[in-house]
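One structure below.
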Amino acid sequence: MRWPRYGPPGGPARLPWILGHRSSVPRERWQRLFDEVGVRRPGAPIHSGSVATIRGLLACSDFLSLLSRDQSQVEIDAGLLTVIASQVPETMRMVDAIARRDWFPTATPTRFLTLLREAARGR
């Protein structure tokens, strides 16, 4: 694993991180990033599953986190966030739509799910 535009793997290990909750996919990938290069995992004093919270904290601190460009493009375009590693291996993921078994959607979410299924079949 290389950390382009940020120097050696020890660079990101010197700063604090904001991570997703235990057993979340982004957190597991973060752990692998350091484990695979034999670098001790840095401190992560903030844990949040909210992308909005993470973006807000990143914009006003020197913390690091793993976010997709889609999740942070507005802040990047505004100059509030900087991308320090443009490609992290094995971070492509599928995003699913899930619902509770006892959920009875109204017309709008029903239409959205119909369009989503149609788009997925078109791939």
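Just so you know, these numbers come straight off a predicted model, no measurement behind them. Residues take their numbers from the sequence shown, with the count starting at 1.
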How long is the span from the [atom1] atom in [X] to the [atom2] atom in [Y], to the nearest 0.5 Å?
X	Y	atom1	atom2	result
Arg22	Gln31	CZ	CD	8.5 Å
Glu118	Leu113	CD	CG	11.0 Å
Arg55	Ile76	CZ	CD1	10.5 Å
Ser61	Ile18	OG	CD1	5.0 Å

Going by heavy atoms in the side chains, are [X] and [Y] under 4.5 Å from each other?
X	Y	result
Phe63	Ile46	yes
Leu66	Leu33	yes
Phe112	Pro105	no
Glu28	Ser23	yes

Check: [Y] main-chain N/O paired with [X] side-chain donor or acceptor under 3.5 Å:
X	Y	value
Arg27	His21	no
Ser48	Ile54	no
Ser68	Gln71	yes

Same apolar cluster (I L V M F W Y, side chains within < 4.5 Å links), [X]/[Y]:
X	Y	answer
Leu67	Val74	no
Leu15	Leu80	no
Phe104	Leu116	no

Exercise. Assess whether atom CG of Asp62 is packed by more than 12 heavy atoms of other residues, nucleotides or ligands within 6.0 Å.
Key: no
Exercise. Of all the heavy-atom pairs spanning Pro45 and Trp17, show the shortest one and how long it is.
Key: CD-O, 3.6 Å
